[in-house]
Structure formats: structure tokens, C-alpha cells
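In listed order, ligands and their atoms are each counted from 1.
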Amino acid sequence: MSKTAKVAQLRLDRLLANMGYGSRREIGLLTGAGLVVLDGVPLHDAGQRIPVTPDLATRMTVDGAPLDPPPGLTLLLHKPLGVTCSHKEAGALVYALLPERWRRRDPALSTVGRLDKETSGLLLLTDDGALLHRIISPKANVAKRYQVSLDRPLRGDESAILASGTLMLEGEEKPLLPVEMEIQAATRVAVTLHEGRYHQVRRMFAAMGNHVLSLHRDRVGGLALPVDLAAGDFRVMTDSDIGAVFASGAAA
Ligand code: URA
């Protein structure tokens with residue numbers, strides 16, 4: 001749960017229905033059968049109010065299984081190539097990588113910004129609208145780092161152009177904010193962005209006469225994509241992970 005979220009109290013049937021466990025009538029059937037248990041005690045009154053604390057998942061079971069993480073859920077996901085950050089476009093969607101029930105949650109999980117279909121790497125998702133806006137707000141200056149492989153060897157002037165804060169993207173009226181570039185090989189670089197324009201990395205290399213072959217985001221703010229998290233897998237973020245997103249030293 002983010003630090004900004006307050007502990008809400010919700011009717012048990014509303015809470016579970018909002019978490020995708022069924023209609024309020026179906027939740028009534030579950031509680032009637034003694035299948036919703038809190039701290040070892042079956043809850044028979046679906047109308048009783050429950051404080052929605054982050055530890056609820058460790059204290060409540062539904063039909064014998066631990067409760068899903070309650071609202072205030074933030075995830076880090078290793079986005080694979082070929083999936084789209086959208087709730088409704090055709091084709092493979094990033095939300096299909098989550099448990100089926102989670103797709104019925106209200107508030108819904110949304111991606112924090114987007115990665116292109118053909119970009120892999122660290123993607124955050126949250127159902128906490130205030131947190132989402134805090135992360136994407138220019139005031140927070142959450143830097144994002146991308147590992148880039150290029151079609152052609154670097155010319156030599158790219159770092160200076162990107163650092164200058166003068167590069168214009170086609171069709172835009174404001175130059176890009178300065179971008180840091182670290183050279184790893186003639187056709188491999190890491191870039192750290194302080195804003196997020198549409199297809200920014202691909203377009204900025206196109207503006208310098210090159211072409212991006214592959215793009216992978218490995219860091220958002222001070223939070224790195226865990227090396228042991230396979231493509232397609234996700235983790236629930238802790239408060240300390242969320243703090244790391246806002247920590248400075250993002251380009252480290
Ligand atoms: N820049 C891009 O071009 N694509 C992304 O997915 C992210 C940044």
C-alpha cells in the first residue's frame with residue numbers, strides 16, 4: 001500500500017466483489033457457508049465492515065485460499081516483448097499476465113505509463129490513482145533507464161546532442177529535456193530519460209540518423225528490474241520498492 005493511502009473500511013461483500021470474487025449475492029453464499037475466514041473465525045455477516053489493511057491477505061482466507069492482495073496494490077512486472085499496455089486493444093495484453101480474477105478488480109490495475117509492444121522490461125501497475133499520478137508527475141522527476149541496441153554504429157556526437165537539451169523530435173515544438181547516454185559498445189547504449197514522450201527512444205535515435213533494434217527498460221527511478229524476475233512474471237511491490245522509485249540516483 002502506498003504511504004498516501006488511508007485505511008478504508010468496506011462492507012465484506014463489497015470488498016470481495018470489488019476484488020473479483022463474484023457478485024455480492026455470490027459473496028453472501030460464501031459467507032453463509034462459512035467459507036470466508038478472518039483470523040481463524042468464519043465471518044457469517046457479509047454486511048460487516050472490514051478495515052482494509054495491507055495485512056488482510058495474511059489474515060483472511062476465502063474458500064480455504066489466502067485472500068488476494070487488497071486494494072492499494074502496486075506491482076512490478078517484467079514485460080515481455082509482444083504484449084500491449086492497454087485494457088482493450090486487440091492481441092496479447094499485459095493484463096492477461098495477471099491472475100484472471102485480478103482483471104475484475106475495482107479499482108482496476110493500470111499501467112504506470114506505457115511501454116511499446118516491442119519494448120521489454122520494468123513496468124509498474126497500480127490501482128492507486130494518486131500514486132500513479134505522483135510517479136508520472138514531472139515534479140517527481142522519476143528517471144527511466146533503457147538499454148538500447150542500434151542498427152548502425154554510433155557517429156560520436158550522440159551523447160553531446162542528447163545532453164544538450166536541444167534535440168527536436170519530428171512533429172514536435174519543444175526540444176527534448178537533456179538525456180544521459182552511456183556507451184557500452186559501438187551499437188549498444190543505455191539512456192536515461194527525464195520525461196516520457198511517445199516512442200521517445202526510437203524517435204530520438206531516428207532523429208540522429210540511427211534505428212533502434214531492441215529496447216529494454218531496466219530501471220524506473222531508483223528501482224531496478226530484479227535480475228531473477230523472468231519475462232512475464234510480476235511481484236507485489238513493498239513500500240520500500242515504492243520508496244526506491246522516488247529515490248534519487250536513478251541513473252546509477
Ligand atoms: N521509448 C520508446 O521508444 N518506446 C518505449 O516503449 C519507451 C520509450
Exercise. Return yes when atom CD of E170 has more than 12 non-hydrogen atoms of other residues, nucleotides or ligands closer than 6.0 Å, and no otherwise.
Key: no

Practice problem: Take Y95 and H87 through the ring-ring contact (aromatic ring centres under 6.0 Å, His included) test and state the conclusion after the steps. | Solution: CA-CA 7 Å; Y95 298 100; H87 278 289; 3.9 Å; yes

Quiz item: Are any of the N/O atoms in V201 less than 3.5 Å from those in ligand 1?
Solution: yes

Practice problem: Report the part of D116 in contact with ligand 1, treating N, CA, C, O as backbone and CB onward as side chain, heavy atoms under 4.0 Å; options are side chain, backbone, both, neither. | Solution: both

Quiz item: If you count the atoms of ligand 1 from 1 in the order shown, which ones are under 4.0 Å from a heavy atom of Y146?
Solution: 7 (C), 8 (C)

Quiz item: Does a side-chain N-to-carboxylate-O contact under 4.0 Å join D241 and R235?
Solution: no

Exercise. Tell me whether Y198 is reachable from L169 by hopping between hydrophobic residues (I, L, V, M, F, W, Y) whose side-chain heavy atoms are closer than 4.5 Å.
Key: no

Quiz item: Does T119 reach ligand 1 with a nitrogen or oxygen that is under 3.5 Å from one of the ligand's nitrogen or oxygen atoms?
Solution: yes

Quiz item: ligand 1 versus L215, non-hydrogen atoms closer than 4.0 Å: side chain, backbone, both, neither?
Solution: side chain

Practice problem: Dump the intermediate steps for side chain to side chain donor-acceptor pair (under 3.5 Å) on S120 and H216, then the final yes or no. | Solution: CA-CA 5 Å; S120 58; H216 175 83; 2.8 Å; yes

Quiz item: Mind checking whether H199 has an N or O less than 3.5 Å away from an N or O of ligand 1?
Solution: yes

Exercise. Flag R203 as yes when one of its N or O atoms lies below 3.5 Å from any N or O atom of ligand 1, and as no otherwise.
Key: no

Practice problem: Keeping the roles fixed (side chain from R145, backbone from A224), state whether a donor-acceptor pair exists under 3.5 Å. | Solution: no

Exercise. Run the contact test for Y198 against ligand 1 with a 4.0 Å cut-off on heavy atoms, strictly below, and give the result.
Key: no

